[in-house]
Amino acid sequence: MTSHLESSRRRYQQYKLDFKESRATGVAAAAAPSLDSIVKPPGARQRSFVELLRQFFALLKGQGSRIALALTTLTIATVLGLVPPAATKVVVDYVLIDNPLPAVLSERLHLPSDRRALLGTVALGIVVISLVSISVSMWGRWQATKTTKRLQVGVRRKVFEHAVRLPLHRVYALKSGGVASILREDAGGVAELIFSMLYNPWRAIIQLTGTLIILGVVDWRLLLGSLVLLPTVFLTHRTWIGRVRPLYRDIRATRQHIDTHATESFGGMRVVRTFGRQRSEAARFTRNNHLMARQELGAWCWTRSVEVAWAVLIPAAAALLLFYGGSEVLSGTISPGDLVMFLAYLVMLLAPLATLASSATQFQNSLAGLDRILDLLEEPVEMPPAPGAIVVDAPTVAGGITLKDVGFVYPGSSIRVLDNIDLTVMPGETVALVGRSGAGKTTLCNLIARFYDPSEGVIELDGRDLREIDVESYRRLLGIVEQDIFLFDGTVAQNIGYARRGVTIDDITHVAELAHAHEFITELDHGYDTLIGERGVRLSGGQRQRLAIARAMLADPRILILDEATSNLDTQSEQFIQASLAALMEGRTTFVIAHRLSTIMHADRIVLLEAGRLLDHGTHEQLLQRSETYQQMVFMQLQGAAAATPAESFVGPALRTSL
């Protein structure tokens, strides 16, 4: 929390020190060390321009024909655009100055000898050529724009599909706001490289090449003077490319952190307001924006320095060439028309040179986004299917689960959460997991759902190691209802129907009735078409839980996991749903995490966990007789509920005697 109190000035100074160190070592540094929530993937590195270019062309696979078409039309339009400046020589030498028209122009192009008619013909020709050039250019640019949008959608889809398959600990590290930033800013910016790194530079190269050829025809000595500027483009690129792109990469990382914080603050607004932290959250948001503004100003200084250099260089070069060309006119070496045409083409020469130089800084922003995307795409997905992985489906699965010497440590931690768990659950058996908070109940269910693989030991489904089974087909066998209910910002019907594709409203209504949710749903403004808001904010806790239970019922799972599934229900609603859950659990292997005795006492077996170890297991009556830890748990709960519920309804003779 200390970093949150530091000023943006101090954090930016520390950032500059780390940036210099990262350039010296060649290893990507954190965008801002004081931003504790910016998460960089392990082993992040800075890639060379050539490698990024190769990766970009790989992303363009399947778009090559459209890009080739766009560049072809751009070439035609640019070449046509080189014709009008040549008309200045004709106008100056043969219209304004009464020189005889050369035979090559009068005979081959059939230009009139009358000066006024010649002026009108040249003007009309310029208009026609310009209109054709513009039409061809716009059609090609439309093709390039469509390609850009296709690539943008394709990259975003690829990043999204990869991100949703990352291991859970990496998903939690990225956070929702961070993922949104990568999808919106980075993936969207990659597509803009079609213009900033292909389309615009290609136009500059064609215009540069054509102009140089024409200048060589006019006066090769003037051409040599113009060529002196070309090495400046390369020097500009080499000088600033290594500095500007890392700056833009860090700016994007800071923006990701800001988006994450804003998403988190509004998601937890009840907590923010409860503790009166609106001003502190706003101040934190402002400090982070101040830091990003300082980073952006630093990047601006470097990029504008290139533009300033060219703003000075271009007029100076033009002045020198004008002086030399004017001297040549005075000496009679070239005509005034040649000089005017040369100056026109000189402007056309300097413009693409400036474009090529500035593009070295402009597309660094998009390359920085591509660099971050490649970091994400190179991260391994969770549990990639092993060669020969088996695809399972519900009709062929009995549902027996076996844990053999299972141990688990969360990634990035050294604390053993589970240790030496041995448990065999028969198909259709209901097992209740009990124990104090932190005993490992939820972690054990996470392993059974294969959100993680055990660090040690094996978990089997019907005698087969889960690692040998395709993880997505296995999860289609599961139904999960958690204490922290997640609902999407959609309608009631959409949230219940999320469990299975192709369901009808009758199917949704049926499971809602079983979960005792139909009554309150029909009382909503629009019934099953009512929008419930993000995470179901417009519903009560009990209503959200009943929708989650209905969703699990619709999935018709072979293995059911209930993590405090009735914790937010009142006593009457819980009694209704217990009967529905009993019907749902019939014939299904079920794991129940609960603290209420009414929820667990009728389980086929109760598993008692303590500090990640399996202490004992048996029925409610068996554990009451032989487990002192279980007796203490029951006794503590009975003390809290003694005023409402007689103790005799839960305890057996052994415990009553001991009490």
Side-chain angles (χ1 to χ4, degrees), residues 399-408 415-448 454 456-460 463 483 559-567 574 578 581-582 585-659:
I401 297 291
T402 304
L403 293 86
K404 297 181 179 179
D405 197 22
V406 169
F408 182 69
I415 301 175
R416 296 185 65 84
V417 184
L418 294 176
D419 188 22
N420 196 29
I421 302 293
D422 285 292
L423 180 66
T424 299
V425 180
M426 302 302 294
E429 185 178 9
T430 298
V431 174
L433 305 177
V434 300
R436 297 182 176 88
S437 296
K441 304 183 295 295
T442 299
T443 300
L444 184 59
C445 286
N446 284 339
L447 295 182
I448 293 171
E456 300 171 357
V458 175
I459 301 179
E460 296 178 346
Q483 181 178 8
I559 300 171
L560 185 63
I561 297 176
L562 306 176
D563 188 350
E564 296 285 358
T566 59
S567 61
E574 182 184 7
Q578 287 293 354
L581 289 178
M585 292 186 293
E586 185 176 355
R588 295 176 172 85
T589 306
T590 306
F591 295 87
V592 181
I593 300 176
H595 292 95
R596 294 185 184 182
L597 286 173
S598 58
T599 304
I600 65 175
M601 63 183 300
H602 299 299
D604 297 323
R605 193 162 23 137
I606 299 173
V607 174
L608 180 60
L609 297 174
E610 181 71 25
R613 290 181 172 272
L614 196 157
L615 291 185
D616 202 350
H617 61 89
T619 64
H620 175 66
E621 290 76 13
Q622 290 171 342
L623 291 181
L624 280 177
Q625 293 178 0
R626 67 179 184 230
S627 174
E628 182 177 349
T629 302
Y630 187 74
Q631 291 177 7
Q632 292 175 352
M633 291 176 56
V634 173
F635 178 68
M636 292 177 63
Q637 186 169 147
L638 290 176
Q639 280 187 316
T645 306
E648 289 77 3
S649 63
F650 294 114
V651 301
L655 183 57
R656 284 199 298 270
T657 302
S658 63
L659 295 177

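Below, each value reflects all heavy atoms present in this structure, side chains not excepted, and no hydrogens, waters or symmetry copies.
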How long is the gap from CG on Leu624 to CE on Met633, to the nearest 0.5 Å?
11.0 Å
Got a sec: does the CZ of Arg436 have more than 12 other heavy atoms crowding it under 6.0 Å?
no
Distance from Glu460 atom CD to Thr424 atom OG1, nearest 0.5 Å?
8.5 Å
Nearest heavy-atom pair of Arg605 and Leu423: which atoms, and what distance?
NH1-CD1, 3.4 Å
Compare all side-chain heavy atoms of Phe591 with those of Leu444 and state whether any distance is below 4.5 angstrom.
no
With a 3.5 Å distance limit and no angle check, can you tell me whether Asp419 reaches the backbone of Gly407 through a side-chain donor-acceptor pair?
no
Exactly one of Val592, Val607, Thr589 clears side-chain contact (heavy atoms from CB on, under 4.5 Å) with Val431, and that residue is Val607
Minimum heavy-atom separation for Val406 and Pro454, please, with both atom names.
CG1-CB, 3.8 Å
Thr442, Val417, Leu418, Leu403 screened by side-chain contact (heavy atoms from CB on, under 4.5 Å) with Leu447, the one that passes:
Leu418
Can a donor-acceptor pair be found, under 3.5 Å and without considering hydrogens, that links the side chain of Asn420 to the backbone of Asp405?
no
Against Leu609, only a single residue in Asp616, Thr629, Leu614 fulfils side-chain contact (heavy atoms from CB on, under 4.5 Å); can you say which?
Leu614
Separation of Leu623 CG from Gln631 CD (nearest 0.5 Å):
9.5 Å
Do you know the tightest heavy-atom contact between Leu608 and Ser627?
CD2-OG, 3.4 Å
Minimal non-hydrogen separation, Ile593 against Cys445, with atom names
CD1-SG, 3.5 Å
Shortest non-hydrogen pair, Leu433 vs Lys441, comes out as O-CD, 3.4 Å
Distance check, rounded to the nearest 0.5 Å: Asp422 atom CG versus Arg613 atom CZ?
11.0 Å
Interatomic spacing from CZ in Arg416 to CZ in Phe408 - rounded to 0.5 Å
11.0 Å
More than 12 heavy atoms of other residues, nucleotides or ligands under 6.0 Å from CD of Glu628: is that the case?
no
Minimal non-hydrogen separation, Gly400 against Pro427, with atom names:
N-CG, 3.7 Å
